[in-house]
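What you are looking at is a predicted structure, and each value in this text was computed from that prediction instead of being measured.
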Amino acid sequence: PFVSVLMTAYNRQDFIAEAIDSVLASTYSNFELIIVDDCSSDNTVSIARAYQLKDERIKFFINEKNLGDYPNRNKAASFAKGKYLKYLDSDDTIYPWGLEAMVYCMEKYPEAGYGLMAYGIKTPDKLPLLFSSISGYYVFYFQGALILGGPSGSIIRRDVFENVNGFSSISFVSDTELWLKLSKLYSMVAMPLDLIWWRQHDEQQIKYEYKNKGIEANRYHVFLDALMDENCPFTYTYKSKAIRNLKNRYARNILIYLSKGQIKRSFNLYKSVELNPFDIIKSWRFNTYPEAL
């Protein structure tokens with residue numbers, strides 16, 4: 001198979017059949033579909049097994065113990081044989097043209113390490129577009145675009161994924177961390193939107209992220225660590241501005257929570273991101289944005 005479609009599942013009996021059907025309906029056919037169940041307690045396993053019996057491209061595995069979101073994504077990738085890894089969450093669907101379009105985008109720019117659907121990007125040029133390491137960092141840190149989507153909106157060269165050892169185990173943030181890690185080393189392809197459909201429902205991961213106050217601090221440290229890394233593609237000037245803007249943003253959040261009477265949340269964020277009083281004072285300044293690359 002040229003593409004390994006990776007689908008991790010945990011208690012997704014209401015959605016996984018539609019997710020699998022969407023992959024099987026792809027106009028691109030040279031793929032394998034690897035499904036890894038993370039010890040579901042509902043009918044997810046029986047549904048997946050039924051599909052496995054119908055199509056030899058489907059490989060189905062069940063974990064001996066619950067691994068959690070990102071470790072299970074790594075587990076799924078360990079079974080892959082394709083040149084490309086294409087994640088599709090078991091509560092999302094891919095449009096019939098989605099897989100073919102993603103392969104086309106990556107093959108057009110074989111030097112790229114991975115591709116992301118072009119969330120938030122503003123460009124007069126038609127997609128797909130190749131972004132160098134420094135350009136990818138620029139549009140993220142100064143335009144808030146591209147390095148935003150989850151794994152369903154990505155396609156990754158398997159050798160590149162293995163070279164960086166896949167995802168870490170930081171809950172909710174490991175996808176963004178991986179995109180930043182990859183962008184230090186490889187160029188990225190910005191792909192058209194509307195290649196997958198991201199389902200919104202009460203049990204999706206992002207709903208739990210909104211309730212987890214510690215995630216905000218984790219994101220800050222992931223963003224900051226990427227800038228502080230010796231392999232950060234930014235020049236000193238761009239790096240300094242990005243760090244200052246990042247600190248301003250979180251310092252303002254601290255003040256916003258305080259103004260809303262959320263004293264505990266404000267204090268916990270202040271303590272977690274390790275800002276000092278001068279950072280709070282400086283946050284009243286406008287953020288600065290260097291000339292576009």
Side-chain angles (χ1 to χ4, degrees), residues 1-108 110 113-115 117 150-163 165-167 175 189 191 194-199 204:
F2 200 61
V3 182
S4 296
V5 180
L6 309 178
M7 185 178 295
T8 55
Y10 178 70
N11 289 346
R12 287 288 183 254
Q13 65 177 14
D14 294 335
F15 311 120
I16 191 170
E18 188 177 357
I20 296 172
D21 283 334
S22 75
V23 176
L24 299 181
S26 296
T27 57
Y28 187 88
S29 60
N30 190 10
F31 66 84
E32 61 178 350
L33 173 56
I34 296 171
I35 306 170
V36 183
D37 181 78
D38 205 18
C39 302
S40 294
S41 58
D42 61 2
N43 293 321
T44 298
V45 169
S46 60
I47 294 170
R49 274 183 173 153
Y51 275 96
Q52 183 186 26
L53 296 174
K54 297 178 183 178
D55 196 309
E56 63 181 7
R57 292 174 297 180
I58 299 177
K59 284 83 174 176
F60 179 54
F61 304 90
I62 304 173
N63 292 333
E64 294 182 359
K65 63 178 182 179
N66 183 274
L67 299 179
D69 187 10
Y70 293 105
N72 198 28
R73 294 186 190 278
N74 290 337
K75 183 69 174 294
S78 72
F79 299 119
K81 297 178 181 178
K83 176 180 179 180
Y84 295 113
L85 305 179
K86 171 69 202 97
Y87 283 98
L88 182 71
D89 288 347
S90 51
D91 53 352
D92 296 335
T93 61
I94 189 166
Y95 289 112
W97 58 85
L99 193 56
E100 185 172 6
M102 287 188 171
V103 172
Y104 166 80
C105 292
M106 293 300 293
E107 288 293 286
K108 183 175 181 179
Y114 75 117
M117 286 167 50
S152 285
S154 73
I155 184 170
I156 313 165
R157 272 176 32 202
R158 181 163 61 93
D159 63 324
V160 163
F161 184 87
E162 292 172 352
N163 185 47
N165 297 316
F167 294 102
D175 47 4
V189 178
M191 305 181 296
D194 297 327
L195 301 180
I196 63 106
W197 179 63
W198 184 53
R199 186 191 301 273
Q204 66 188 135

Report yes if the side chains of R199 and F15 come closer than 4.5 Å at any heavy-atom pair, otherwise no. yes
With no hydrogens and no angle check, just 3.5 Å: does a side-chain donor-acceptor pair link D21 and Y51? yes
Give me the atom names and distance for the closest heavy-atom approach of I16 to A9. CD1-CB, 3.9 Å
Heavy atoms only: give me the nearest L195-I94 pair and the separation to one decimal. O-CG1, 3.3 Å
Pairs satisfying side chain to side chain donor-acceptor pair (under 3.5 Å), at least one member in residues 31-40, at least two apart: S4-E32, D37-S40, D38-N63, D38-N66
Less than 4.5 Å apart, any side-chain heavy atom of T27 and any of Y95? no
If the condition is side chain to side chain donor-acceptor pair (under 3.5 Å), which residues does Q52 pass it with, not counting sequence neighbours? none
Going by the salt bridge (Lys or Arg N to Asp or Glu O under 4.0 Å) test, which pairs reach into residues 79-90, not counting sequence neighbours? R73-D89, K83-E107
Say whether T8 and N72, considering side chains only, have a donor N or O and an acceptor N or O under 3.5 Å apart. no
Which atom names give the shortest non-hydrogen contact between A77 and F161, and what distance separates them? CB-CE2, 3.5 Å
Which heavy-atom pair separates R12 from D42 by the least distance, and what is that distance? N-OD2, 3.4 Å
Kindly check if the number of other-residue, nucleotide or ligand heavy atoms within 6.0 Å of CZ (F2) is above 12? yes
Min side-chain heavy-atom separation D175-F167 under 4.5 Å: yes
Is the closest side-chain heavy-atom distance between L85 and Y114 below 4.5 Å? no
Could you tell me which non-hydrogen atom of W97 sits nearest to which non-hydrogen atom of D194, and how far apart they are? NE1-O, 3.0 Å
Looking only at non-hydrogen atoms, find the nearest pair between D92 and W197 and report the distance. CB-O, 3.4 Å
